[in-house]
Amino acid sequence: MIVSWNTTNNCNMYCRHCYREAGTRLTDELNTAEGLELIDRIDRAGFKIMIFSGGEPLLRDDIYTLVAGAKERGLRPVLGSNGTLITGAVAGRLKESGAAAIGISLDSMDPASHDDFRAAPGAWQAAVNGMRACQAAGLPFQIHTTVMDWNLPEIEQLTDFAVECGAVGHHIFFLVPTGRAVNIEADSLQAAQYETLLRRLMRKQAEVGIELKPTCAPQFMRIAAQMGIKTRFSKGCLAGSSYCIISPSGIVQPCAYLNIPAGDVRKTPFDEIWRTAAIFHDLRAEEYRGGCGKCDYKKVCGGCRARAYYYSGDYLAEEPWCSYRQALSAGTSDVGPGQRKK
C-alpha cells in the first residue's frame, strides 16, 4: 500500500503539466507536528510506502524530520522531486534521515525541451547533477518522465539514459488533464498512441535490468498479460484501493488526478478516512460502467478512474483512452479523448 503526501505547494518551477498548479506555498499547509501525526495515522492504516512530494518537497525546512519520522514508524520513505535542489550534502542528509529512494523528473534527452516543459532554464542539467549526487551518496534514484506527443519518440532513449546513469527504475507518467495540464491536453497521447507506447515499454522491459513502470496507464497490465509478460504488480489503477494522496493542507483524495475529497485529516484521522470514505468504498467495489464493466481484464486493469471522471464526470465510467474497451463498447460510448461532457 502506497500513500503520497504533497508536503507543500511551494516549488521552484512552474511546470506546464502540474496537477497541483504548484508555485507558491499555501498558508494552511500542515505543520511539522501535524505532519508527524499524519505519518503515525498512515502507519496505523497499514500503509508500507510513503511518498513525500510537492510542489518541491525539498523546499520544506522540516523534510528531514518528516522522512526520519516515517522511517521510525517502519514506513519506507521515498521522495518525488524535480531534482534541481539535490546537492551532495542534500543527498547525504536524505540518506541519513532514512530516505529509501528518490524519483527525479526528466522529460527529454534534449535539455532545451525539458527546460521549456518545466518552465525553468537550466532544469535539465540541474536534475542530472542531482542524480549524480544521489549516486555518489548511495541514495537510490529513479527517473520520472511525463510522456507527451512531442517526446514520444525518445522514451526508450530516456530508459537507456536511466540505465547509463545508474537509476534503479524509469517510471513513465501518462498525462491526466487536471491542474495546469488541462491547458496542454491537445499534446497528450490519444488511444492508438497510448496502446502502441505501452507495447513498446513491455518490449523494452525485456531488454533492460531496471524497472519500467507505466503510471496512470493501467492498461499495461492487460497488455503484459496479452504479451505473456509477468510483472510484480497486481493491478493497474490503485486509486482508493491501495493508494491515495493527501494535499498540503490535509485533504485526502483517491489519487493526484481524481480531485474529489474523501476527507480532511484536520477533522478526521487519516486511518478513519481510509477505512470509511464513500468514494474509497466505491472504487474498491470495482463496479465499473460501460466497456470497463464488461472487460475481461477489469480486475487487473481497472481503467484510469481520473481520466474517466475528467471526460464523463463519472469516476466509475469506462476508460476513454483504452482501445480495447472501444471494441467492447462499440456504438455505446459517446465520449472520447478531447470530448468532455458538459
Side-chain angles (χ1 to χ4, degrees), residues 4 6 11-23 51 53-57 78-84 102-120 123-128 130-131 141-162 165 167 169-191 193-198 200-201 204 210-220 236-239 243 245 255-259 304 306-307 310 321 337-338:
S4 180
N6 294 144
C11 193
N12 59 329
M13 292 188 177
Y14 198 79
C15 302
R16 301 184 188 281
H17 63 300
C18 182
Y19 63 85
R20 283 226 56 86
E21 300 187 73
I51 304 171
S53 63
E56 174 49 58
V78 299
L79 286 84
S81 171
N82 60 45
T84 62
I102 187 164
I104 297 176
S105 301
L106 199 73
D107 302 300
S108 178
M109 289 303 299
D110 174 46
S113 297
H114 174 86
D115 292 358
D116 178 70
F117 191 51
R118 299 276 164 179
W124 189 94
Q125 189 59 60
V128 172
M131 296 175 199
F141 70 94
Q142 61 191 37
I143 288 179
H144 292 171
T145 299
T146 298
V147 60
M148 307 292 292
D149 61 356
W150 55 266
N151 64 356
L152 182 60
E154 58 179 320
I155 299 303
E156 289 93 340
Q157 188 180 0
L158 280 159
T159 296
D160 291 337
F161 181 76
C165 66
H170 183 201
H171 287 206
I172 298 91
F173 289 74
F174 287 65
L175 189 81
V176 179
T178 188
R180 284 198 288 268
V182 299
N183 300 315
I184 56 171
E185 181 192 5
D187 298 329
S188 61
L189 304 190
Q190 302 301 307
Q193 294 172 306
Y194 186 89
E195 183 93 2
T196 299
L197 178 57
L198 287 174
R200 282 167 48 190
L201 291 173
K204 186 66 175 177
I210 66 172
E211 178 182 89
L212 302 188
K213 171 62 168 64
T215 301
C216 299
Q219 291 78 16
F220 85 91
C237 182
L238 305 179
Y243 174 81
I245 194 165
C255 80
Y257 311 101
L258 184 50
N259 193 19
C304 176
R307 204 170 283 121
Y310 175 79
W321 281 12

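Because the structure is predicted, anything quoted here is derived from the model rather than measured. Side chains are part of it too, since the values below use all heavy atoms of this structure and drop only hydrogens, waters and symmetry mates.
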With sequence neighbours left out, write down each residue that passes side-chain hydrogen bond (donor to acceptor under 3.5 Å, both in side chains) with Thr145, or none if nothing qualifies.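 Testing Thr145 for side-chain hydrogen bond (donor to acceptor under 3.5 Å, both in side chains), a comparison that skips the adjacent residues, returns His170.
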Asn151-Ser113 side chain donor-acceptor pair, cut-off 3.5 Å: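 Absent: no donor and acceptor within the cut-off.
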With Ala120, which residues qualify under side-chain contact (heavy atoms from CB on, under 4.5 Å), at least two apart?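 side-chain contact (heavy atoms from CB on, under 4.5 Å) list for Ala120, sorted by chain: Met13, Ala123.
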I'd like to check the side-chain contact (heavy atoms from CB on, under 4.5 Å) partners of Ala306; sequence neighbours left out, ordered by chain and number.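 By the side-chain contact (heavy atoms from CB on, under 4.5 Å) rule, Ala306 matches Val176, Cys255, Tyr257, Leu258, Cys304.
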Go through it in stages, so that I can follow the logic: the residues are Arg200 and Leu212, the test is side chain to side chain contact (heavy atoms under 4.5 Å, CB included), and I'd like the CA-CA distance, side-chain angles, deciding distance and then a yes or no. CA-CA 11 Å; Arg200 282 167 48 190; Leu212 302 188; over 6 Å; no
So does Leu175 get a backbone contact from the side chain of Arg307, meaning a donor-acceptor N/O pair under 3.5 Å?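 Present.
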Between His114 (side chain only) and Asp107 (backbone N and O only), is there a donor and an acceptor less than 3.5 Å apart?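 Checking the backbone N and O of Asp107 against the side chain of His114, a donor-acceptor pair under 3.5 Å is found.
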Distance from [X] atom [atom1] to [Y] atom [atom2], nearest 0.5 Å?
{"X": "Ser81", "Y": "Phe141", "atom1": "OG", "atom2": "CZ", "value": "12.5 Å"}
{"X": "Asn6", "Y": "Ile51", "atom1": "CG", "atom2": "CD1", "value": "10.0 Å"}
{"X": "Ile143", "Y": "Ile172", "atom1": "CD1", "atom2": "CD1", "value": "10.0 Å"}
{"X": "Cys216", "Y": "Phe174", "atom1": "SG", "atom2": "CZ", "value": "9.5 Å"}
{"X": "Thr159", "Y": "His171", "atom1": "OG1", "atom2": "NE2", "value": "10.5 Å"}

Could you tell me which non-hydrogen atom of [X] sits nearest to which non-hydrogen atom of [Y], and how far apart they are?
{"X": "Ile210", "Y": "Ala162", "value": "CD1-CB, 3.8 Å"}
{"X": "Arg118", "Y": "Ser105", "value": "NH2-CB, 3.2 Å"}
{"X": "Gly54", "Y": "Pro57", "value": "N-CD, 3.9 Å"}
{"X": "Leu198", "Y": "Pro214", "value": "CD2-CB, 3.7 Å"}

Do [X] and [Y] touch side chain to side chain, with heavy atoms closer than 4.5 Å?
{"X": "Tyr243", "Y": "Cys237", "value": "no"}
{"X": "Ser108", "Y": "Trp124", "value": "no"}
{"X": "Met131", "Y": "Leu106", "value": "yes"}
{"X": "Leu201", "Y": "Phe220", "value": "no"}

With sequence neighbours left out, write down each residue that passes salt bridge (Lys or Arg N to Asp or Glu O under 4.0 Å) with [X], or none if nothing qualifies.
{"X": "Asp115", "answer": "none"}
{"X": "Glu154", "answer": "none"}
{"X": "Asp160", "answer": "Lys204"}

Using the rule given for side chain to side chain contact (heavy atoms under 4.5 Å, CB included), can you reason through Cys15 versus Asn82, listing the C-alpha separation, both sets of side-chain angles and the distance that settles it, and then say yes or no? CA-CA 10 Å; Cys15 302; Asn82 60 45; 6.0 Å; no
Between Trp150 and Phe117, does the ring centre distance come in under 6.0 Å?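 Under 6.0 Å, so yes.
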